[in-house]
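For ligands, and for the atoms within them, numbers begin at 1 and follow the listed sequence.
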Amino acid sequence: MVILITGANGMLGEECARLLSRTHDIIACDVHDTLQYSDSIVYEKLNIMNEQRVLEIIRQRKPQIVVNCAAYTDVDGAERDRRAAWDVNVGGVQHLISALSKNGGKLIHISTDYVFDGCAGPYAEDEPPKPVNYYGQTKLDSENLIKDSQIPWAIIRTNVLFGNTKLQKASFVRWVVEKLSRFETISIVNDQFGNPTWSYGLAQAINRIIEIDARGLYHYAGKDYINRFEFALKIAGIFGLDPTLIKTTTTRALNQLAPRPFKAGLICEKTAKELQVDFYSIIEALTMMKETA
Ligand SMILES: NC(=O)c1ccc[n+]([C@@H]2O[C@H](COP(=O)([O-])OP(=O)(O)OC[C@H]3O[C@@H](n4cnc5c(N)ncnc54)[C@H](OP(=O)(O)O)[C@@H]3O)[C@@H](O)[C@H]2O)c1
């Protein structure tokens with residue numbers, strides 16, 4: 001199959017391009033001049049905010065599937081510049097839908113547990129979304145656009161992604177490892193819960209959606225439901241770093257611009273049953289990441 005991946009230089013985009021290129025023809029796309037990790041994968045520079053260019057590439061390349069990994073992912077930045085977040089996360093998705101409705105093809109879109117308010121997580125697919133910040137609102141708006149469209153689609157929600165990819169703007173794992181390796185003290189919130197997700201596992205779930213032509217809404221997340229402080233302790237444990245350098249703090253003390261859903265995270269029973277994919281604990285994922293780094 002011909003599969004076009006947007007946001008291919010991002011954490012999930014890279015994981016998807018690497019995995020899917022083993023069995024499919026991949027057109028990797030991103031806003032940058034080059035693909036940062038491969039010379040052999042076909043690359044097109046594509047800003048999904050540019051409606052004409054989206055249409056042109058989809059017309060030329062005729063992908064049967066578009067995996068949309070492009071997104072404005074800066075949660076606090078989205079509060080400061082709502083327009084920029086909307087243009088990518090909602091406007092860009094509208095352009096993909098519109099091009100696919102003219103040329104045929106299915107959209108696989110990535111969303112987030114931040115569509116929920118975090119009062120009573122983790123959440124299943126059928127629970128009502130209620131975002132508490134603008135990033136979450138844009139992701140929910142994009143989900144609704146897709147659900148209301150006439151094109152074939154699958155949406156997969158995930159949370160707290162981590163992996164070994166090259167261009168990691170905001171990799172929590174790498175940040176913790178770097179800080180502790182330099183014997184610096186770090187303060188991590190103990191009141192934001194989720195189930196951290198290995199980006200490779202999510203790419204496998206996307207691959208399965210492609211294989212069996214699954215449609216609809218799915219949750220994919222890691223096995224452990226924990227807070228960020230506990231996550232940092234696990235990272236220190238696997239990488240042999242000093243856990244006493246990790247101190248706890250609270251979201252209130254951190255004073256982040258965007259409100260956060262506290263008890264977020266995802267229940268993945270439907271995905272386990274219908275997609276029959278592997279789910280990974282943090283220790284399993286970090287161990288494999290360490291071995292292959
Ligand atoms: N990371 C998480 O913890 C997490 C959790 C839940 C859901 N998700 C969702 O998972 C998906 C992938 O996230 P990720 O962590 O892989 O994000 P990422 O690392 O930030 O990658 C996103 C990629 O999209 C690119 N991009 C930004 N604006 C674009 C545009 N207008 N047109 C085309 N490409 C554009 C980015 O380029 P620049 O870097 O130059 O902006 C980046 O290469 C997103 O939909 C995100 O909402 C992520």
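- Contacts between Tyr135 and ligand 1, counted as non-hydrogen atom pairs separated by less than 4.0 Å, involve the side chain only.
- With a heavy-atom cut-off of 4.0 Å, Ser111 touches ligand 1 through its backbone alone.
- Contacts between His109 and ligand 1 below 4.0 angstrom, taking non-hydrogen atoms only, are absent altogether.
- Residues His95 and Ile48 have side chains not in contact (no heavy-atom distance under 4.5 Å, counting atoms from C-beta outward).
- For the pair Ile48 and ligand 1, the shortest N or O to N or O distance falls below 3.5 Å.
- Where the criterion is an N or O separation shorter than 3.5 Å, residue side chain and backbone included, Asp30 meets it with respect to ligand 1.
- Checking Gln192 against Thr251 by side-chain atom types alone, a donor-acceptor pair falls below 3.5 Å.
- In this structure, Arg208 and Gln276 approach most closely via the heavy-atom pair NH1-O, 3.0 Å.
- The backbone N or O of Lys223 sits nowhere less than 3.5 Å from a side-chain atom of Asn195 that would complete a donor-acceptor pair.
- Near Lys139, with a cut-off below 4.0 Å to any heavy atom, the atoms of ligand 1 are 44 (C), 45 (O), 46 (C), 47 (O).
- At under 3.5 Å, not a single nitrogen or oxygen of Asn159, backbone or side chain, sits near a nitrogen or oxygen of ligand 1.
- Screening Tyr200, Trp198, Tyr220 for a ring-ring contact (aromatic ring centres under 6.0 Å, His included) involving Phe279 leaves a single residue, Tyr220.
- For Trp153 against Ile151, the heavy-atom pair with the smallest separation is CD1-O, 3.2 Å.
- Counting heavy atoms closer than 4.0 Å to ligand 1, residue Leu12 contributes atoms from both its backbone and its side chain.
- Of all the atoms in ligand 1, the ones that sit under 4.0 Å from a non-hydrogen atom of Val160 are 3 (O), 5 (C).
- Within the structure, the closest approach of Glu14 to ligand 1 does not fall below 4.0 Å when heavy atoms are considered.
- Any N or O atom pair closer than 3.5 Å counts here, and Met11 shares at least one such pair with ligand 1.
- Side-chain contact of Tyr134 with Asp81: a donor-acceptor pair under 3.5 Å is absent, judged by distance alone.
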Item to check | From CA spacing to verdict: side chain to side chain contact (heavy atoms under 4.5 Å, CB included), His24, Ile210 | outcome: CA-CA 10 Å; His24 300 284; Ile210 294 168; 4.1 Å; yes
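- Proximity to Ile110 (heavy-atom distance under 4.0 Å) selects the following atoms of ligand 1: 9 (C), 10 (O), 11 (C), 45 (O).
- Judged by the shortest distance from any of its heavy atoms, Thr6 lies outside the 4.0 Å radius around the atoms of ligand 1.
- For Thr138 (side chain) and Val90 (main-chain N/O), no donor-acceptor pair under 3.5 Å exists by modelled atom type.
- Between Leu107 and Ile97, the closest heavy-atom pair is CD2-CG1, 4.2 Å.
- For a threshold of 3.5 Å applied to N or O pairs, the pair formed by His32 and ligand 1 contains at least one separation below that value.
- Closest heavy-atom approach to atom 12 (C) of ligand 1 within the set Cys69, Gly194, Gly7: this belongs to Cys69.
- For Thr197, no heavy-atom contact with ligand 1 is shorter than 4.0 Å.
- The nearest pair of heavy atoms linking Cys119 to Tyr123 is N-OH, 3.0 Å.
- Set against the non-hydrogen atoms of Leu46, the atoms of ligand 1 under 4.0 Å away are 32 (N), 33 (C).
- Near Val31, meaning under 4.0 Å from any of its heavy atoms, are these atoms of ligand 1: 29 (C), 30 (C), 32 (N), 33 (C), 34 (N), 35 (C), 37 (O), 40 (O).
- The aromatic rings of Tyr225 and Phe193 sit parallel, their planes meeting at an angle under 30°, below the 60° perpendicular limit.
- With a 4.0 Å cut-off on non-hydrogen atoms, Asn47 touches ligand 1 through its backbone as well as its side chain.
- Taking any N or O of Leu161, backbone or side chain, at least one lies under 3.5 Å from an N or O belonging to ligand 1.
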